[in-house]
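Numbering of ligands and ligand atoms starts at 1, following listing order. Quick note: numbers below take in every heavy atom, side chains included, and nothing from hydrogens, waters or symmetry partners.
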Amino acid sequence: MVEFSIKSGAPQTGRSGCLVVGVFEPRKPSAAAVSLDRVAKGYLSGILRHGDMQGKSGTTLLLHNVPGVAAERVLLVGLGREAGFREKQYRDAVAAAIRALNATGAEEASLHLTELAVGRRDVAWKVAHAVMVARECAYRFTRMKSKNDEEPALRRLALNVDRAAQRRAAAGLEHGLAVAHGMNLAKDLGNLPPNVCTPAHLADQARELAKRYRMKLTVLEREDMEKLGMGTLLSVARGSSQPPKFITLEHRGGPQKMKPVVLVGKGITFDTGGISLKPAAEMDEMKFDMCGAASVLGTLKAVGEMRLPVNVVGVIPATENMPGGRASRPGDIVKSLSGQTVEILNTDAEGRLILCDALTYVERFKPAVVVDVATLTGACVIALGHVATGLFANDDALAREVLNAGETACDRVWHLPLWDDYQEQLKSNFADFANIGGRPAGAVTAACFLARFTKQYRWAHLDIAGTAWKSGKEKGATGRPVPLLTQFLLNRVKRGQR
Ligand code: BES
Ligand code: MN
Ligand code: ZN
């Protein structure tokens, strides 16, 4: 595991195993590269002139024994054109550097990319994102393998900044590490197999966080939910032999009177579709259907680590969606905690059924705002692919706040409509409404369903079906939207928002 530190000073004085400096396209050395070149008496500019490093983004060139330089190695990293060097290019450059470093035997390195100008981003942002990207590159899920792969040699990474910016850089380091740790927790929980990561396992993880960060934990059992009248949630749990859990984890870092931000995460630990059974192909990926829950736990970990002075309540309805003998049938009508009745026309639209009871339950916290996070619809993947998370909100100022946090965190969302015109699609002849709205605008009608339970407070809904995990060769949880949610809370702290 890499240890990070903040350093200042000219690159040539660093005695680290490897100095990492950038080169813009075409063959234009960054400031750090220029000062290295000066002590190396033109050695680097010679290399650029010969065309071995054009500065194209994603490329790297490793040099040994550069004359006049104390460090054993110098790694040149292509940055692309200077005019187009923005957040994404910066993060890509750091990732390319880390990957190249991991392929060398260097145990320590000194990263000068953190000195580059990245739009208007300050030094804290640059350091935080370098840390997050580095940790992202280092992530492996090896827990279920009987033999572990070899670890890369890199042990220490110094992040170079202006001497006057050291304090702000240290704050960025703390932020970056906290988010990285939160993302790693979210990834681990997502990647765990569904026979291990059950509702009870999620409750155990919440208990660990509660102990470590002195948070308050409440876990409701099936009987508690029955007494409360969580009929839609329980209708999903009926088909499974795993007991459902309703988890509440409270970080009280702000003044007692400060209204909390409530985060609600979908915790379906495996989604077979229930009686409306899913096809077999890729069904294993439905172990990721608890990634909303995992991101709520990950965010609470980051918040706990940073001791953020806000009140945050994480709420996780957790159950499997299985087709057991007691499972709900298409056509069943169930009563939600809100008193509204729902006709279950498709048992595979189960996420909204567990979320709606959670969204009613959270009224008791008198929330400042509520944000729910859910791998809710395949339709959202069709609409936005794997780039942006779908955002819906019953309050435009809140939507802007979330959008803005996503930009800063490089964990982006796109605002989709929640107009009443779509509510018609949920009409039922037999109950107050149905749990599906047909094929058109599936992500919107799912959000419209939830909107019927969130009238009492300002609310945003994040559909992370396309962004919570990757398929194919790189199959695995992404840890999103932990960066977005943490940034959202951090921005509220900075603004002193109630
Ligand atoms: N967990 C799924 C959504 C999902 C599907 C996420 C594929 C990522 C990839 C959800 O519970 C579900 O099954 N939704 C249905 C809703 C439909 C029956 C209205 C869907 O999207 O097909
Ligand atoms: Mn489903
Ligand atoms: Zn689901």
Do side-chain atoms of Ser235 reach the backbone of Val334 as a donor and acceptor pair under 3.5 angstrom?
->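 No.
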Would you mind running through ligand 1 and noting each atom that sits below 4.0 Å from a heavy atom of [X]?
| X | answer |
| --- | --- |
| Lys266 | 1 (N), 10 (C), 11 (O) |
| Lys278 | 12 (C), 13 (O) |
| Ala465 | 6 (C), 8 (C) |
| Glu350 | 11 (O) |
| Thr375 | 1 (N), 2 (C), 3 (C) |
| Ile436 | 19 (C) |

Is Asp271 close enough that one of its N/O/S atoms sits under 2.8 Å from the Zn ion (ligand 3)?
->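 Yes, within the cut-off.
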Any N/O/S of Lys266 under 2.8 Å from the Zn ion (ligand 3)?
->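 For Lys266, the answer is yes, given that an N, O or S atom comes within less than 2.8 Å of the Zn ion (ligand 3).
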May I ask you to check whether Arg352 has an N/O atom sitting below 3.5 Å from an N/O atom of ligand 1?
->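 No, no N or O pair falls under 3.5 Å.
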Does the N or O separation between Ala349 and ligand 1 drop below 3.5 Å for any pair?
->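 Between Ala349 and ligand 1, no N or O pair is found under 3.5 Å apart.
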Got an N, O or S from Asp271 under 2.8 Å of the Mn ion (ligand 2)?
->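 It does: Asp271 brings an N, O or S atom closer than 2.8 Å to the Mn ion (ligand 2).
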Is it true that the side chains of Tyr139 and Asn191 contain a donor and an acceptor less than 3.5 Å apart?
->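 On atom types as modelled, these side chains qualify, holding a pair under 3.5 Å.
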Modelled atom types, side-chain donor and acceptor of Thr347 and Ser276, under 3.5 Å |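 Yes, side-chain donor-acceptor contact under 3.5 Å.
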At a non-hydrogen distance cut-off of under 4.0 Å, which region of Leu376 contacts ligand 1 (side chain, backbone, both, or neither)?
->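 The answer is the backbone of Leu376.
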With heavy atoms under 4.0 Å as the rule, classify the contact between Asp348 and ligand 1 as side chain, backbone, both or neither.
->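 Both backbone and side chain.
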Return yes when atom NZ of Lys278 has more than 12 non-hydrogen atoms of other residues, nucleotides or ligands closer than 6.0 Å, and no otherwise.
->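 Atom NZ in Lys278 is crowded, with more than 12 foreign heavy atoms closer than 6.0 Å.
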Neighbour count >12 (heavy atoms, 6.0 Å) for atom CZ, Arg222 |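 Yes - once you tally the heavy atoms of other residues, nucleotides and ligands closer than 6.0 Å, there are more than 12.
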Phe288, Trp469, Phe449, Phe270: member with heavy atom nearest to atom 8 (C) of ligand 1 =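 Ranked by closest heavy atom to atom 8 (C) of ligand 1, first place is Trp469.
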Is atom 22 (O) of ligand 1 less than 4.0 angstrom from at least one protein heavy atom?
->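 For atom 22 (O) of ligand 1 the answer is no, since every protein heavy atom stays at 4.0 Å or beyond.
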Three-point angle Asp348:OD1, the Mn ion (ligand 2), Glu350:OE1, rounded to the nearest 10° |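 My answer is 120°, to the nearest 10°.
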